[in-house]
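As structure tokens, the structure follows; a few thoughts come after it.
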Number of protein chains: 2
Amino acid sequence: MNIAEVATRAGLPPKTIRYYEEIGLIRPRRQANGYRAFADADLHKLAFLGRARSLGFSIDECRTLMALYEDRSRASADVKAVAQAHLDAIDAKIAELQGMRGTLATLVAHCAGDHRPDCPILADLAGEAC
Amino acid sequence: MNIAEVATRAGLPPKTIRYYEEIGLIRPRRQANGYRAFADADLHKLAFLGRARSLGFSIDECRTLMALYEDRSRASADVKAVAQAHLDAIDAKIAELQGMRGTLATLVAHCAGDHRPDCPILADLAGEAC
DNA sequence: CATAGGGGTTCCCGTCACTGGAAGGTCAAC
DNA sequence: GTTGACCTTCCAGTGACGGGAACCCCTATG
């Protein structure tokens, strides 16, 4: 398989696949002409990576997960720990965004949104007491 | 005021303040010795920026908001539009994270987390049907 | 008066996970 | 034989800073 086909089937851009090779996540063989020759195993790994990335795991976490995946003697507890840590990080991020969202929604709701200059949003940003 | 005092009062690191000057968000005067000389107006701007950034506005959005703040003939509708767009972006981000969170939480819940290698998290990432 | 320290300054590199683009080699079709 | 699609490598840029080096300035102390 050439890179374009693998890209289509794994749902990742060719650039990303080359990048994953560069940082050592995959190691496709080469054809005589220098083209990358992807095996099914490479495609499988790329699909795994794409899925993990879509769940928000960092490249480093993906590396860990791949290593666990390929380690037949892994303990599921190790996988769960990685996933749980990521879940906690996601929860923290959601909480942070909801905090912003709350403040912002209030400000937007109180802004007339007309031609006049008075604006509670700017007043808040400027630190003026309401 | 020197940079350390302004940093304390605005709640921003000195590095960030220098960066904001570099990209043209503020323009403090200079003392004879080359030190930045911050006026109250600079401090005010920095506090404004810090607050806007803490609400998740990008630097470009902050630039726009500052320009609107300094434009006495602004229409509050313009401010509201920027804030509403950002609010929509936050909502989209929250939705995305909650999507990840849902999948991940289910996977974590189904993982035994023991010494055995079987793991629904890895199975899902590998694309195996359950 | 020399020096030690705690400011300040600029400049450059690194972050994270790619993305865009240039310059050039390769292959299949017309 | 030439187009055009594909492949390659390499370099630069993204956003919003942070770390650290190398160096200047000011004050206090022995």
Side-chain angles (χ1 to χ4, degrees), chain A residues 1-39 42-43 45-46 48-66 85-86 89-90 93 96-97 100, chain B residues 1-39 42-43 45-46 48-66 85-86 89-90 93 96-97 100:
Chain A
M1 270 179 290
N2 279 351
I3 200 166
E5 186 183 348
V6 170
T8 306
R9 291 172 57 176
L12 292 172
K15 278 276 192 184
T16 298
I17 296 176
R18 292 194 191 98
Y19 174 66
Y20 286 175
E21 180 186 17
E22 190 190 332
I23 63 174
L25 282 175
I26 54 168
R27 263 192 254 187
R29 291 207 205 124
R30 295 296 178 133
Q31 298 166 14
N33 60 13
Y35 287 19
R36 288 170 182 83
F38 293 89
D42 295 316
L43 175 57
K45 278 192 187 183
L46 287 169
F48 183 102
L49 290 168
R51 176 95 176 116
R53 292 286 300 131
S54 79
L55 287 178
F57 287 104
S58 72
I59 291 287
D60 255 13
E61 288 165 335
C62 288
R63 209 184 290 273
T64 303
L65 290 171
M66 283 257 303
H86 180 46
I90 286 180
K93 190 76 190 167
E96 184 192 350
L97 287 172
M100 293 176 184
Chain B
M1 271 180 288
N2 280 352
I3 199 165
E5 186 182 349
V6 171
T8 305
R9 290 171 59 177
L12 292 172
K15 278 273 190 184
T16 298
I17 296 175
R18 293 195 190 97
Y19 173 66
Y20 287 174
E21 181 186 18
E22 189 190 332
I23 62 173
L25 282 176
I26 54 168
R27 264 191 253 191
R29 290 209 206 124
R30 296 294 180 134
Q31 298 167 15
N33 60 12
Y35 286 21
R36 289 171 182 81
F38 294 88
D42 296 315
L43 175 57
K45 278 193 187 184
L46 287 169
F48 183 102
L49 290 168
R51 176 96 176 115
R53 292 284 300 130
S54 78
L55 287 177
F57 287 105
S58 71
I59 292 286
D60 255 13
E61 288 166 334
C62 288
R63 209 184 290 273
T64 303
L65 290 171
M66 282 257 305
H86 181 46
I90 287 180
K93 190 77 191 167
E96 183 192 350
L97 287 172
M100 292 177 185

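Lettering of chains follows the sequences in order, A, B, ..., and the numbering in each one begins at 1. It should be emphasised that the depicted structure is a prediction, and the values quoted were computed from it without experimental measurement.
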Atom pair distance, as rounded to whole Å: OH in B/Tyr20 and P in D/dG15: 14 Å
Closest heavy-atom pair and its distance - B/Leu25, B/Arg63: CD2-CG, 3.9 Å
Nearest listed nucleotide, side chain of A/Ser58, among C/dA17, C/dT9, D/dC6: C/dA17
Nucleotide nearest A/Arg36 when distance is taken to its side chain, options D/dC7, D/dT8, C/dA17: D/dT8
Whole angstrom value for the distance that separates P of D/dA12 from NZ of A/Lys15: 13 Å
Euclidean distance, atom CD1 of residue A/Ile59 to atom P of C/dT19 [Å, nearest integer]: 11 Å
Protein-nucleotide distance (B/Tyr19, atom OH; C/dG14, atom P), rounded to Å: 18 Å
Sugar-phosphate only, base, or nothing, as touched by A/Ile23 at under 4.0 Å among non-hydrogen atoms: nothing
Exercise: identify the closest heavy-atom pair between B/Ile90 and A/Leu97: CG2-O, 3.8 Å
Stepwise salt bridge (Lys or Arg N to Asp or Glu O under 4.0 Å) test for B/Glu21 and B/Arg18: CA-CA 5 Å; B/Glu21 181 186 18; B/Arg18 293 195 190 97; over 6 Å; no
Distance-minimising heavy-atom pair for A/His86 and A/Leu55: NE2-O, 2.8 Å
Atom-pair distance (CZ on A/Arg30; P on D/dC7), nearest Å: 12 Å
Bend angle of the helix from C/dC1-D/dG30 to C/dC30-D/dG1, end axes from five pairs each (to 10°): 40°
Touch class at under 4.0 angstrom, heavy-atom based, for B/Pro13 against every strand present: sugar-phosphate
Euclidean distance, atom CD of residue A/Glu21 to atom C1' of D/dT8 [Å, nearest integer]: 11 Å
Neighbour count >12 (heavy atoms, 6.0 Å) for atom CZ, B/Arg30: yes
B/Asn33, nearest nucleotide to its side chain (from C/dG25, D/dC26, C/dA17): D/dC26
Side-chain N,O (B/Thr16) to OP1/OP2 (D/dA16) below 4.0 Å: no
Non-hydrogen atoms of B/Pro28 and B/Ala37 that approach each other most closely: CB-O, 4.0 Å
B/Tyr20 versus B/Arg53, closest heavy-atom pair with distance: OH-CG, 3.5 Å
Nearest-angstrom distance from the residue atom CZ of A/Arg18 to P of D/dC6: 12 Å
Between P of C/dA17 and CG of A/Asp60, the distance in whole Å: 7 Å
